[in-house]
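Here's the structure we're looking at; comments come further down.
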Amino acid sequence: MSQTDQTKKLLLLDGNSLAFRAFFALHNSLDKFTNQEGLHTNALYTFSNMLDNLLASEQPTNVLVAFDAGKTTFRTKMFDDYKGTRSKTPAELSEQMPYFSTLLDAYGIAHYQLADYEADDIIGTLAKEAAGEMPVVVVTGDRDLTQLTSANTTVKVNRKGVNDVEAYTPEYLQEKLGLVPDQIIDMKGLMGDTSDNYPGVTKVGEKTALKLLTEYGSVENLYEHVDEMKQSKLKENLINDKAQAFLSKKLATINVNAPLTVSLADTERKPVDEAALVQFYQQMNFKSKLAKLPQTGTDGEVTAPAMIAISFTELTAANLAAALAKKMRRSFVIDILGDNYHVEMPIGFAFGTDEQWYYSTDLGLLTTPTLKDWLQDPEQEKDVFDSKKTMVLMERLGAPIKAMTFDLLLASYLLDTNDNSNDLGILAQQYDYFDVQTDLEVYGKGAKRAAPTDVAVLGEHLARKARAIYQLRSELLKQLQENDQDQLYDEIEAPLAIVLAQMELAGITVDSQRLKQMQADFSKTLSEIEALIYEDAGHEFNINSPKQLGTVLFDELNLPIIKKNKTGYSTSVEVLEQLQSAHPIVQRILTYRQISKLQSTYIKGLLKVIHPDHKVHTRYLQTLTQTGRLSSVDPNLQNIPVRLPEGRKIRQAFVPSHPDWEIFSSDYSQVELRVLAHVSGDKSMQEAFKSGYDIHAHTAMKIFGLSDPSEVTPDMRRQAKATNFGIVYGISDYGLSKNIGISRQQAAAFIAAYFEQYPDVKTYIDNIVALARQQGYVETIMHRRRYLPDINSKNFNLRSFAERTAMNTPIQGSAADIIKVAMINMQKRLQTENLQAKMLLQVHDELIFEAPTTEIPILEKLVPSVMDSAVSLDVPLIVESAHGKTWYDAK
DNA sequence: TTCATCACG
DNA sequence: ACGTACGTGATGAAA
């Protein structure tokens, strides 16, 4: 045997298995991937990406992709039903199969199939041949191939998705299953394989198979000693299914002596046939692959992917005036490396038009009169990416920006909430624009993230981003118009970005002394409870570790196991509440958890993010949620405790920024149910709102068949309330039963009664699901859109989820639309009324302000009137207000 | 990085 | 029969 050549490496790919993985990885986007001829291309696209990744990461000198030859193989001769239950390859994949060879030929990669043999056998035979010649890496989606691992061969198995691989070496196999590679076939023999449809031994699965192999080593040895086993059902099954076990083992065994007509030499990589590859990409309409194709110069030197050249120059005091001489629409970009634009300093900026692009890293230039004037000139239009971030940064730099008439980030979010990214480069690709790199490529990630040391490289990137915005503008505006979303963009999201920027910049004052006082109190309480818990447990442990806590409760104290999760015992509140009477430790843990949460998230967490101005400046994420709601980060001010009295006290630390000011808060009452009453047109529900009834009590009367509100007990009201919520969330009897602790039958009866009383609600949810199925998306009252690619999925879970979101999104999303309109109108009114009051926070259905005490009576009239008139629904919108010295007191 | 948990509407 | 409420973010532990 010759010496292993470490400069060489053989990569063997299981073509069919990877094609399947590739196909199903993008199964939901099947219709997005078709070429000019109507051919589906999703599997080819993903496969070619996989191939690129593998070639880059493995750097093989030799590659072969093995395919199955046909339906019948030597295995089907041994066992008629081999792979008999396997469902037919989807037509959308079959039609792509012939093109895999075209792609591989262009890549200069060998591919091979052999009549009567499977891809596995080809791979096994070649891997054996390569032993002693060169190391081998096998890539597949099929675990059976792990039997091939050896000192020379690593088998990489794709888990879910495409990039998540598990690398099997003999050591890893030993560690994971406690088996040597040869025992994989013994395991298969005992447990069988449902996807290949061979039986194994009845009632033996992976667990039992592993146990048997640990004891007996192999199928053969097991059967030599089977008589010695003590009487059991397992023993009977083993004896009865002996023939099947041996047959299954044989079927699972890869033939490493297949009569191949290719040799190792044939697997050597040939140069990429670039012309063929370009033609292939063009035929398949792989624009991103075309754009990334390395260019070969006339001297044969390979250079970076081709991007259309850009004319950019460094901005200086000298060329500044000329750069801005003409009045025209320009795009403007300013970058920071991280996310928090309230604290980070920008690394540079760029602006210009297709004629010329300018960049600079000198932020001082922004405040020179010429540039400053241009920035704040309301007549000079600017195209940007993320107007809120841009506005905050420019305010901080003392160079306010006005007239941001196009925001690429906002526009693309409205067009499709699914493929939103905060990275301009990634987003541009969605619109087939490739002349800009991603921030990840230019700045790096994690610890390595930094501005390029070469200023020209940074300048070019900034200029390219500015150009991408400039050039994508008309396409996105056109699509917004096609979707009937131009009003949503122009009148809601774009002006809202400015309002949000103002709210973020204003910030809310936090009384850190109050927080520190609470911190000290909580610390004391925590150590007291901690001591009691250790006493109960008999030893110290980390109470915050669900794992350690589980051990204490269920292994040591032997409390009944209520629920498990994938990592072990569940110790969630639901579980602990059921265990309360079983042991005094449980109540203490519940208390500990509650205080500990307040301490870490709300006291310590909040103290960490207070700025020198004594305020917290959250960031509202305007382009994140699938429904159109905002979210809040750094810190999240939309989940400050309110339900429990202990937690609610945190709100005492949120105070006005001036003495003699107060916190003022207004919230919509049951806005989602009102939206439901409106969109469903249900007369009965609309009547209840118009008459000003307590909607939950009204619902209780309806579903319990009562004739007078006085008959409604608090418990009936509670259950009716839960049912109302359930409807909004996309009801299921199981979910409702779990939520209010009744039987599934009772829950089903509630729902039936509900639909009988509110028949138009029933019609509405049936119709909305049907509509989603037909058009692929749902809309809010302001035409906000959510695509639901899973609505027609064959997977029950995915489809059900899509159906529930089809019901919920128009409701939650329309409520979000309404408060957004209210916020824009509100900010205007504060200005036109010359009020000092400031709008500070939004918490989905409530707005929080600070204002001089003298303005409170004005706000008490103004805010509700602006909020309840934001939109006109078929039912009234009701707004409730409160005020006080702190947020806590505004209740 | 992922999971479990728990805070909010 | 399937296994579920809708939308979020922050934390600490464990991998």
Side-chain angles (χ1 to χ4, degrees), chain A residues 164 417 445-446 541-550 563-576 589-590 592-606 608-609 618-621 624-644 646-648 650-651 667-673 676 722-740 744 747 751 778 786 793-813 815-816 819 841-847:
Chain A
D164 186 9
T417 52
K445 71 165 173 184
F541 65 101
N542 187 344
I543 308 167
N544 286 319
S545 159
K547 197 175 164 205
Q548 294 183 35
L549 181 62
K563 201 174 122 196
K564 283 193 167 195
N565 53 39
K566 54 185 147 183
T567 47
Y569 311 117
S570 169
T571 65
S572 65
V573 193
E574 293 161 53
V575 171
L576 295 185
I589 286 163
L590 282 167
Y592 182 91
R593 278 255 180 93
Q594 195 200 328
I595 308 280
S596 161
K597 172 84 179 176
L598 296 174
Q599 181 81 308
S600 63
T601 304
Y602 296 103
I603 307 275
K604 290 185 177 171
L606 222 40
K608 269 191 269 186
V609 291
T618 187
R619 277 155 34 231
Y620 288 106
L621 305 186
L624 181 137
T625 69
Q626 297 297 307
T627 55
R629 273 189 174 184
L630 301 175
S631 86
S632 157
V633 294
D634 252 15
N636 180 359
L637 294 179
Q638 292 182 319
N639 72 346
I640 302 301
V642 68
R643 289 171 192 166
L644 300 173
E646 300 86 344
R648 191 171 195 151
I650 301 281
R651 295 181 173 223
D667 67 283
Y668 283 113
S669 153
Q670 287 119 16
V671 62
E672 292 192 345
L673 280 176
L676 174 62
T723 311
N724 276 325
F725 273 104
I727 297 289
V728 169
Y729 293 154
I731 196 100
S732 77
D733 52 8
Y734 182 89
L736 181 64
S737 73
K738 211 167 73 127
N739 194 287
I740 55 179
R744 198 167 161 165
I751 295 167
V778 291
R786 180 177 186 174
S793 170
K794 276 187 239 166
N795 179 319
F796 178 89
N797 283 329
L798 291 177
R799 191 179 63 249
S800 303
F801 182 71
E803 287 167 358
R804 292 196 296 273
T805 47
M807 303 175 208
N808 174 262
T809 298
I811 299 171
Q812 190 183 111
I819 196 165
L841 304 176
Q842 187 251 43
V843 192
H844 310 304
D845 64 357
E846 69 177 315
L847 296 175

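Order of the sequence lines sets the chain letters (A, B, ...), proteins ahead of strands, with each chain counted from 1.
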By nearest-heavy-atom nucleotide on DNA chain C, the more 5' of D733(A) and R786(A) is D733(A)
Rounded P spacing from dA5(C) to dA4(B) in Å
14 Å
Let me spell it out: for each of N797(A) and R804(A), pick the nucleotide of DNA chain C with the closest heavy atom. Which residue's pick is nearer the 5' end?
N797(A)
Take atom P in dT4(C) and the same atom in dT5(B), then report the distance between them in whole Å.
15 Å
Under the ring pair (Phe, Tyr, Trp, His ring centres under 6.0 Å) test, residues paired with F725(A) that sit two or more places apart:
none
Answer yes or no: does atom CD of E574(A) have more than 12 heavy-atom neighbours from other residues, nucleotides or ligands under 6.0 Å?
no
Just call it for L624(A): base, sugar-phosphate, or nothing, with non-hydrogen atoms closer than 4.0 Å on any strand.
sugar-phosphate
Short heteroatom pairs, N/O only, protein and nucleotides 6-9 of chain B, under 3.5 Å:
residue : atom : partner : partner atom : Å
dC6(B)  : OP1  : R593(A) : NH1          : 2.8
dC6(B)  : OP2  : V573(A) : N            : 3.0
dC6(B)  : O2   : K597(A) : NZ           : 2.8
dA7(B)  : O4'  : Y602(A) : OH           : 3.4
dA7(B)  : N3   : N639(A) : ND2          : 3.0
dC8(B)  : OP1  : V642(A) : N            : 2.6
dC8(B)  : OP1  : R643(A) : N            : 2.7
dG9(B)  : OP2  : R643(A) : NE           : 3.4
dG9(B)  : OP2  : R643(A) : NH2          : 3.2
dG9(B)  : O3'  : D845(A) : OD1          : 2.6
dG9(B)  : O3'  : D845(A) : OD2          : 2.9
dG9(B)  : N7   : R643(A) : NH2          : 3.3
dG9(B)  : N2   : R629(A) : NH1          : 3.1
dG9(B)  : N2   : R629(A) : NH2          : 3.4
dG9(B)  : N2   : Q812(A) : NE2          : 3.3
dG9(B)  : N3   : R629(A) : NH1          : 2.9
dG9(B)  : N3   : R629(A) : NH2          : 3.1

Show me the side-chain donor-acceptor pairs of residues 727-734 of chain A shorter than 3.5 Å, one per line, residues at least two apart or across chains.
residue : atom : partner : partner atom : Å
S732(A) : OG   : G735(A) : N            : 3.0
D733(A) : OD1  : R744(A) : NE           : 3.4

Which residues pass the side chain to side chain donor-acceptor pair (under 3.5 Å) test with T627(A), sequence neighbours left out?
Q812(A)
At the 4.0 Å heavy-atom cut-off to chain A, mark where contacts on DNA chain C begin and end, going 5' to 3'.
dC2(C) to dA15(C)
Contacts of Q548(A) meeting side chain to side chain donor-acceptor pair (under 3.5 Å) (sequence neighbours excluded), chain-then-number -> none
